[in-house]
Colleague: 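To start, I am sharing the structure in question, which I have written as structure tokens.
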Amino acid sequence: MDVVGRLQMHNIKPSVQRIAIMQYLMEHLTHPTVDEIYTALAATMPTLSKTTVYNTLKLLSEHGAAQTLTIDERNTCYDANTTPHAHFLCKQCGKVYDLSLKAYIKQVEEMNMDGHDVQEIHYYYKGTCKHCMEKNATREA
């Protein structure tokens with residue numbers, strides 16, 4: 001799906017800034033922060049501000065076009081992949097990875113827990129990623 005179509009599907013009026021930010025999220029599956037997105041786009045969009053990036057990401061999240069991740073206590077990250085999946089934070093390098101979930105865990109619709117209507121579930125895992133473990137093993141050898 002193209003960027004404009006995705007925005008319209010989520011009832012978001014496309015603007016130059018919104019298209020650029022959504023496109024960046026869709027092309028960079030690295031779970032970027034506001035600062036990373038701003039730094040990447042500011043060179044080609046001189047009128048772009050961090051406030052615009054923040055407000056656009058908030059809008060995308062509120063309308064379901066992106067996810068807001070608070071897996072890292074220091075940074076809020078964003079993900080264009082809105083299908084149910086888990087996230088893994090490497091405590092060593094700080095990268096966030098997508099993890100697949102078993103089908104039964106993904107069920108969110110009409111989930112009622114103790115009288116509460118659950119609309120979102122976030123699965124966060126933390127540890128050392130396989131790349132850092134390989135680097136550590138190489139150093140120790």
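No hydrogens, no waters, no symmetry mates; every other heavy atom, side chains included, goes into these values.
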Colleague: T83: which residues meet the side-chain contact (heavy atoms from CB on, under 4.5 Å) condition with it, sequence neighbours left out?
Modeller: N81, H85

Colleague: As an exercise, state the distance from CD1 of I37 to CG of L25, rounded to the nearest 0.5 Å.
Modeller: 4.5 Å

Colleague: Please report the interatomic distance SG(C132) to NZ(K91), rounded to the nearest 0.5 Å.
Modeller: 13.0 Å

Colleague: Take N75 and E36, measure what side chain to side chain donor-acceptor pair (under 3.5 Å) needs, and give me the verdict at the end.
Modeller: CA-CA 11 Å; N75 298 302; E36 290 169 345; over 6 Å; no

Colleague: Go through V34 and T76 one step at a time and tell me if the side-chain contact (heavy atoms from CB on, under 4.5 Å) criterion holds.
Modeller: CA-CA 8 Å; V34 169; T76 300; over 6 Å; no

Colleague: So, for C129 and C90, which heavy atoms are closest and what is the spacing to 0.1 Å?
Modeller: N-SG, 3.3 Å

Colleague: Please lay out, stage by stage, how H122 and I71 fare under the test side-chain contact (heavy atoms from CB on, under 4.5 Å).
Modeller: CA-CA 9 Å; H122 298 271; I71 189 171; over 6 Å; no

Colleague: By salt bridge (Lys or Arg N to Asp or Glu O under 4.0 Å), which residues pair with E73, not counting sequence neighbours?
Modeller: K126

Colleague: Please enumerate all residues that pass salt bridge (Lys or Arg N to Asp or Glu O under 4.0 Å) together with D79, with sequence neighbours excluded.
Modeller: none

Colleague: Output all residues satisfying side-chain contact (heavy atoms from CB on, under 4.5 Å) with L99, sequence neighbours left out; order by chain, then residue number.
Modeller: A86, F88, Y125

Colleague: The criterion is side chain to side chain donor-acceptor pair (under 3.5 Å); which residues satisfy it with Q67, sequence neighbours excluded?
Modeller: none

Colleague: Taking side-chain contact (heavy atoms from CB on, under 4.5 Å) as the test, write out the residues that go with T51, two or more places apart.
Modeller: S49, N55

Colleague: What pairs of residues pass the salt bridge (charged side-chain N to carboxylate O under 4.0 Å, His left out) test when at least one of them lies in residues 129-141, not counting sequence neighbours?
Modeller: none

Colleague: CG of L41 to CG of L48: how many Å apart, nearest 0.5 Å?
Modeller: 6.0 Å

Colleague: Has the side chain of H31 got a donor or acceptor atom that lies under 3.5 Å from a matching backbone atom of V96?
Modeller: yes

Colleague: Step by step, work out the side-chain contact (heavy atoms from CB on, under 4.5 Å) result for Q23 and E27.
Modeller: CA-CA 6 Å; Q23 184 165 355; E27 291 175 355; 2.9 Å; yes

Colleague: Can you pull the salt bridge (charged side-chain N to carboxylate O under 4.0 Å, His left out) pairs that have at least one residue in residues 45-69, sequence neighbours excluded?
Modeller: D35-K50, K58-E62

Colleague: Ignoring hydrogens and geometry, is there a side-chain-to-backbone donor-acceptor pair from Y38 to Y54 under 3.5 Å?
Modeller: no

Colleague: Do L57 and V4 land in one hydrophobic cluster if side-chain heavy atoms of ILVMFWY residues count as linked below 4.5 Å?
Modeller: yes

Colleague: How long is the span from the OH atom in Y78 to the OG1 atom in T30, to the nearest 0.5 Å?
Modeller: 13.5 Å

Colleague: Report whether L89 and Y97 are members of the same hydrophobic cluster (ILVMFWY, side-chain heavy atoms less than 4.5 Å apart, transitive linking).
Modeller: no

Colleague: Looking at I12 and A65, what are the two nearest heavy atoms and their distance?
Modeller: CD1-CB, 4.1 Å

Colleague: Who passes salt bridge (Lys or Arg N to Asp or Glu O under 4.0 Å) against R74, sequence neighbours left out?
Modeller: D72

Colleague: Write out all pairs satisfying side chain to side chain donor-acceptor pair (under 3.5 Å) with one or both partners inside residues 2-15, taking only residues at least two apart or from two chains.
Modeller: none

Colleague: For the NE2 atom of H87 and the CG atom of L69, what is their distance to the nearest 0.5 Å?
Modeller: 4.5 Å

Colleague: Y24: what forms a ring-ring contact (aromatic ring centres under 6.0 Å, His included) with it, not counting sequence neighbours?
Modeller: H28

Colleague: Can you tell me how far CG of L60 sits from OG1 of T68, rounded to the nearest 0.5 angstrom?
Modeller: 9.0 Å

Colleague: Would you please name every residue forming a side chain to side chain donor-acceptor pair (under 3.5 Å) with T33, sequence neighbours left out?
Modeller: none

